[in-house]
Amino acid sequence: MAEHGGRRWRLVLTSTPFQGHMSHMLHLATFLHSKGFSITMAHSDLNRPDPSNHPGLTFLPLRDNLSATTDFAGVSQFLQTLNDNCRPHFQQYLVQIMNSQKEASASEKESIVVIHDNLMFFAGSVADDLGLPSIILRTSSASFFTAINIIPQLLEQGRFPVQGIPTFKFSFRNKSD
């Protein structure tokens, strides 16, 4: 258990279920665990990690209810649904930890920090609502920031989305299907 200034730390990490996001967050979780931190990995049902591959980490499944809807108008709608569905379960878990800390002895108390993927924006909002510190892990490349800044300008000019190209439809199948 990592101690800093006499305090124990519980880090609660969450990531989108996309491979490049989840794998980076799991690498960070494993590294932080090797330094003595208590780690809880909160994850959606979609593309859930295998706990047997990450001994020592605690896994918290967040019910995402995505199996009810498998077609989304785009990635934005998918991410909004994912965030909306995971938020209450994540908040309930953090409140539960905070309440258990009230009853813990001084030597058992843990400071809680939330580390989240920038696409799981609900986690930062929940942490803020509960007065907990949070850290954003961005797994995007440098080119993403250029693209994200120019898209509003292209929309305003009517140059995006490109006319004559079929619209993107986002679908997935859950592993359990």
Side-chain angles (χ1 to χ4, degrees), residues 1-70 75 78-140 172-177:
M1 177 75 60
E3 292 193 23
H4 179 67
R7 301 208 82 167
R8 295 165 39 142
W9 295 91
R10 163 144 323 264
L11 307 179
V12 181
L13 289 73
T14 189
S15 172
T16 58
F18 305 138
Q19 182 60 40
H21 295 251
M22 180 63 74
S23 59
H24 289 352
M25 193 65 78
L26 286 168
H27 286 298
L28 177 62
T30 301
F31 172 76
L32 292 170
H33 182 262
S34 75
K35 299 301 179 190
F37 291 93
S38 291
I39 304 293
T40 297
M41 186 70 197
H43 59 86
S44 72
D45 290 328
L46 180 65
N47 197 23
R48 58 190 166 271
D50 182 354
S52 67
N53 292 334
H54 307 281
L57 304 185
T58 301
F59 287 86
L60 172 69
L62 300 173
R63 287 173 273 148
D64 57 30
N65 298 320
L66 292 175
S67 60
T69 307
T70 58
V75 174
F78 169 80
L79 289 172
Q80 186 64 55
T81 302
L82 179 68
N83 275 268
D84 290 346
N85 292 351
C86 289
R87 180 188 175 101
H89 310 292
F90 188 74
Q91 184 165 348
Q92 180 182 15
Y93 175 74
L94 290 178
V95 168
Q96 181 182 352
I97 292 175
M98 293 171 71
N99 287 339
S100 71
Q101 292 300 306
K102 291 176 186 175
E103 300 168 10
S105 69
S107 64
E108 295 173 328
K109 288 193 185 274
E110 295 177 315
S111 295
I112 304 165
V113 177
V114 174
I115 302 175
H116 64 96
D117 186 321
N118 63 304
L119 298 179
M120 297 295 268
F121 47 84
F122 76 88
S125 176
V126 167
D128 190 47
D129 290 348
L130 297 175
L132 298 172
S134 65
I135 300 169
I136 299 172
L137 174 68
R138 295 188 185 268
T139 60
S140 307
F172 71 89
R173 285 184 50 115
N174 208 328
K175 282 183 182 179
S176 61
D177 293 343

> What pairs with Pro51 under side-chain contact (heavy atoms from CB on, under 4.5 Å), at least two apart in sequence or on another chain?
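Here the qualifying residues are Phe59.
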
> Can you see which heavy atom on Met41 is nearest to which on Ser15, and at what distance?
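Heavy atoms of Met41 and Ser15 come nearest at CE-CB, 4.2 Å.
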
> Ignoring hydrogens, what is the shortest heavy-atom contact between Leu46 and Asp64? Give both atom names and the distance.
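Result for this residue pair: N-OD2, 3.2 Å.
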
> Would you say Asn83's side chain and Phe122's backbone share a donor-acceptor pair under 3.5 angstrom?
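Present.
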
> Between Asn47 and Phe18 (side chain of the first, backbone of the second, donor and acceptor by atom type, cut-off under 3.5 Å), is there such a pair?
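No.
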
> Mark yes or no for whether Asn65, through its side chain, and Asn85, through its backbone, hold a donor-acceptor pair below 3.5 Å.
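The answer is no, because no donor-acceptor pair under 3.5 Å joins these two groups.
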
> Identify, with sequence neighbours excluded, every residue that meets side-chain contact (heavy atoms from CB on, under 4.5 Å) alongside Asn53.
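Only Asp50 meet the side-chain contact (heavy atoms from CB on, under 4.5 Å) criterion with Asn53.
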
> With side-chain contact (heavy atoms from CB on, under 4.5 Å) as the criterion, how do Asp45 and Arg48 come out once you've worked through the C-alpha distance, each side chain's angles and the decisive distance to 0.1 Å?
CA-CA 5 Å; Asp45 290 328; Arg48 58 190 166 271; 4.2 Å; yes

> Could you measure the distance from the CE atom of Met120 to the CG atom of Leu62? Nearest 0.5 Å is fine.
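Met120 CE to Leu62 CG: 6.5 Å, rounded to 0.5 Å.
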
> So, does Thr14 use its side chain to make a donor-acceptor pair with the main chain of Ala42 at under 3.5 Å?
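Confirmed, Thr14 side chain pairs with Ala42 backbone.
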
> Could you walk me through whether Ile115 and Leu32 satisfy the side-chain contact (heavy atoms from CB on, under 4.5 Å) test, starting with their C-alpha distance in whole Å, then the side-chain angles of each, then the deciding distance to 0.1 Å, before giving a yes or no?
CA-CA 11 Å; Ile115 302 175; Leu32 292 170; 4.0 Å; yes

> Applying side chain to side chain donor-acceptor pair (under 3.5 Å), run through Thr40 and Arg10 and close with a yes or a no.
CA-CA 7 Å; Thr40 297; Arg10 163 144 323 264; 2.8 Å; yes

> Once salt bridge (Lys or Arg N to Asp or Glu O under 4.0 Å) is applied, what residue pairs with a partner in residues 86-103 remain, sequence neighbours excluded?
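The answer is Arg87-Asp129.
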
> Does any N or O in the side chain of Glu110 come within less than 3.5 Å of the main-chain N or O of Gln101, such that one atom is a donor and the other an acceptor?
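No; judged by distance alone, with no hydrogens or angles, the pair does not exist.
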
> Roughly how far apart are Lys109 NZ and Ser100 OG, rounded to 0.5 Å?
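OG of Ser100 is found 9.0 Å from NZ of Lys109.
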
> Give, for atom CD of Gln92 and atom CZ of Arg63, the distance between the pair rounded to the nearest 0.5 Å.
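The CZ atom of Arg63 is 7.0 Å from CD of Gln92, to the nearest 0.5 Å.
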
> Apply side-chain contact (heavy atoms from CB on, under 4.5 Å) to His33 and list each qualifying residue two or more places apart in sequence or on a separate chain.
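Only Ile39, Leu57 meet the side-chain contact (heavy atoms from CB on, under 4.5 Å) criterion with His33.
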
> Measure across Met22 and His43 and return the closest heavy-atom pair with its distance rounded to 0.1 Å.
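Taking every non-hydrogen atom into account, CE-CB, 4.0 Å.
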
> Would you say Tyr93 and His89 make side-chain contact, with heavy atoms under 4.5 Å?
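Tyr93 vs His89: side chains apart.
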
> Output all residues satisfying side-chain contact (heavy atoms from CB on, under 4.5 Å) with Ser134, sequence neighbours left out; order by chain, then residue number.
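In terms of side-chain contact (heavy atoms from CB on, under 4.5 Å), with neighbours along the sequence ignored, Ser134 is linked to Val114, His116, Ala127.
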
> From Ile97 CD1 over to Ile112 CD1, what is the distance, rounded to the nearest 0.5 angstrom?
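Going from CD1 on Ile97 over to CD1 on Ile112, the span is 5.0 Å.
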
> Any side-chain heavy atom of Phe90 within less than 4.5 Å of one from Val12?
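Phe90 vs Val12: side chains touch.
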
> Residues two or more places apart in sequence or in another chain: which of them pass side chain to side chain donor-acceptor pair (under 3.5 Å) with Arg138?
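For Arg138, no residue satisfies side chain to side chain donor-acceptor pair (under 3.5 Å) once neighbours in sequence are set aside.
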
> Can you measure from CG (Leu82) to CG (Leu119) and round to the nearest 0.5 angstrom?
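Atom-to-atom, Leu82:CG and Leu119:CG are 9.5 Å apart.
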
> Report the distance from atom OG of Ser44 to atom CG of Leu60, rounding to the nearest 0.5 Å.
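The CG atom of Leu60 is 11.0 Å from OG of Ser44, to the nearest 0.5 Å.
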
